[in-house]
Amino acid sequence: MDAEVDREAILDAGPWKRNLIVCVVGSFTTIVGMTLLLPFLPLYVEQLGISDHAAIVQWSGIAYGATFFSAALTAPLWGRLADRYGRKLMLIRASLGMAIAMSLIGMAHNVYELVGLRLLTGLLGGYASGSTVLVAAQTPKARSGWAIGVLSAGIMAGSLVGPLIGGVLPGLIGIRATFFLIGGVIFITFLGTTFLIREEARPKTAKGAKSRGGWSLVPDKRPVIAMWGTGLLLMIANMSIEPIITVYVAQLVEAPQVIFVAGLVMSAAAFGSLLSSSHLGKLADRVGHWRIIIIICLAVSALLLIPQAFVISGWQLILLRFLMGLALGGLLPCIASVIRHNVPDAVTGSMLGYSISAQYAGQVIGPLAGGFIGGHIGMRAVFLGTSVLMALGAIGNFVVEKKK
């Protein structure tokens with residue numbers, strides 16, 4: 001009994017819990033900043049001089065995707081620099097950079113400046129991904145699944161709340177003032193990060209290691225590659241229905257309810273993941289991140305995608321997406337934990353950076369593939385094809401984990 005108490009005291013020691021709180025709040029505010037413009041982005045594009053309806057839609061898509069495109073390209077770089085110069089420093093850079101970029105978006109004069117500033121936001125940002133690196137590296141390994149699960153819940157909450165705030169604030173204070181306000185909120189995140197986070201000393205090898213030697217330091221590369229692929233599949237599964245969901249829902253409900261039900265369907269999976277991520281992360285710390293959680297979650301998600309192709313009402317689809325979100329909620333914490341347990345501390349940031357890039361790639365590939373398949377083959381094929389991918393992911397993870 002005394003040994004168990006001593007072990008708990010050791011795990012609770014250090015600044016990692018305070019760091020986690022700051023990272024959760026900071027990730028929430030920055031994700032809100034990245035997503036709140038979704039409801040009013042077409043209106044802002046129109047204000048910037050684009051009048052043709054098709055052009056407004058096109059430029060809105062380009063402007064929204066620009067941030068995630070540049071973030072995917074730079075995530076490995078920021079992870080590598082975090083290993084060499086400190087993870088806290090990268091969070092300070094990201095929060096200050098986003099505060100400046102978001103404020104500048106409110107000063108855009110034309111759509112080209114808007115797209116450029118959205119690219120700059122992804123380039124300078126990366127607070128949530130940097131938080132994942134810091135929390136994974138600084139949290140005791142026995143608590144890493146729970147801690148990353150809590151952080152993931154904060155990120156998902158930001159994704160849900162951002163569009164809600166974006167639907168209210170512009171009507172109250174105006175579009176440009178909305179960007180100034182969120183820039184100010186993120187600046188407070190910058191101050192909290194600077195003065196509240198305490199980073200433990202980095203391994204000596206992290207300071208002197210050459211960047212090209214990072215991959216060679218990983219003793220067994222199969223688990224890391226498997227986790228990158230799993231993160232890619234997770235985002236493809238979440239995002240593949242985005243382009244078709246409104247059209248699909250229109251086949252299930254009456255016209256006046258289409259937009260409302262489509263919005264519920266889009267948020268149901270994220271809400272389910274928000275509820276389950278910390279609990280599944282905590283469970284994974286006890287029973288195993290890989291075989292028990294990742295493989296089972298992928299398999300359950302594959303099964304839940306099949307009936308989504310054959311629903312006859314909108315509420316059935318909402319329920320199934322919610323259940324799928326509950327299953328997928330444990331994946332992000334477990335992916336980060338498996339990488340954390342299978343790479344040296346000196347290259348944790350680099351390997352997690354590549355993992356985050358794979359997830360961003362899934363956010364791009366998912367909608368593109370879903371839109372193409374839905375338009376050329378049929379909307380049911382989107383769900384069934386995604387189910388096959390998730391099943392292959394479960395089988396692939398089982399094989400790799402068994403060989404390991």
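Every value quoted in this text rests on a predicted model; they were computed, and no experiment measured them.
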Nearest heavy-atom pair of [X] and [Y]: which atoms, and what distance?
X	Y	result
Ala101	Thr121	CB-OG1, 3.5 Å
Ser60	Val45	OG-CG2, 3.7 Å
Ser301	Leu328	OG-CD2, 3.1 Å
Val338	Pro223	CG1-CB, 4.5 Å
Val111	Leu48	N-CB, 4.0 Å
Ala153	Leu274	O-CD1, 2.9 Å

For the residue pair [X] and [Y], establish whether any side-chain heavy-atom pair is separated by less than 4.5 Å.
X	Y	answer
Met98	Leu124	no
Cys297	Leu234	no
Leu20	Thr139	no
Phe28	Ile155	no
Met227	Asn397	yes
Thr178	Leu37	no
Val224	Trp228	yes
Thr29	Phe187	no

Distance-only, no hydrogens or angles: does the [X] side chain make a donor-acceptor pair with backbone N or O of [Y] under 3.5 Å?
X	Y	result
Arg176	Ile105	no
Arg380	Ala309	yes
Gln138	Leu134	no
Arg87	Thr132	no
Arg118	Ala63	yes
Ser387	Phe383	no
Asn19	Arg198	yes
Ser276	Leu326	yes

Within this structure, what is the [atom1]-[atom2] distance for the pair [X] and [Y], rounded to the nearest 0.5 Å?
X	Y	atom1	atom2	value
Ser27	Met156	OG	CE	12.0 Å
Ile236	Ile365	CD1	CD1	5.0 Å
Ile188	Thr193	CD1	OG1	11.5 Å
Ser337	Asn342	OG	CG	10.5 Å
Leu160	Ile31	CG	CD1	11.5 Å
Ser70	Leu119	OG	CG	5.0 Å

| query | Could you walk me through whether Leu91 and Lys88 pass the side-chain contact (heavy atoms from CB on, under 4.5 Å) check? | reply | CA-CA 5 Å; Leu91 293 182; Lys88 176 181 176 179; 5.6 Å; no
| request: Before giving the answer on side-chain contact (heavy atoms from CB on, under 4.5 Å), spell out for Glu113 and Met107 the whole-Å C-alpha distance, their side-chain angles and the decisive distance to 0.1 Å. | output: CA-CA 9 Å; Glu113 291 182 4; Met107 303 178 188; over 6 Å; no
| task | For Leu320, check side-chain contact (heavy atoms from CB on, under 4.5 Å) against everything at least two apart and list the hits. | result | Leu304, Pro307, Gln308, Val311
| field | Ring centres under 6.0 angstrom apart (Tyr112, Trp59) | value | yes
| request: Tell me, please, which residues at least two apart from Arg340 pass salt bridge (charged side-chain N to carboxylate O under 4.0 Å, His left out). | output: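 Here the qualifying residues are Asp345.
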| request: Starting from the C-alpha separation in whole Å, work towards a yes-or-no answer on side-chain contact (heavy atoms from CB on, under 4.5 Å) for Leu331 and Leu298. | output: CA-CA 8 Å; Leu331 285 181; Leu298 286 172; 3.9 Å; yes
| Geometric cation-pi criterion Arg143 and Trp16, 6.0 Å radius, 45° cone |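 Cation-pi check for Arg143 and Trp16: fails.
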Atom [atom1] of [X] with >12 non-hydrogen neighbours under 6.0 angstrom:
X	atom1	answer
Ile312	CD1	no
Phe180	CZ	yes
Phe322	CZ	yes

| message | I'd like to know whether Leu305 forms a side-chain contact (heavy atoms from CB on, under 4.5 Å) with Met324, so could you lay out the CA-CA distance, the side-chain angles of the two residues, the decisive distance to 0.1 Å, and finally the verdict. | response | CA-CA 8 Å; Leu305 278 161; Met324 183 174 163; 3.8 Å; yes
| Where does the angle between the aromatic ring planes of Phe179 and Tyr44 fall among parallel (under 30°), tilted (30 to 60°) and perpendicular (over 60°)? |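 Ring orientation, 0 to 90° scale: tilted.
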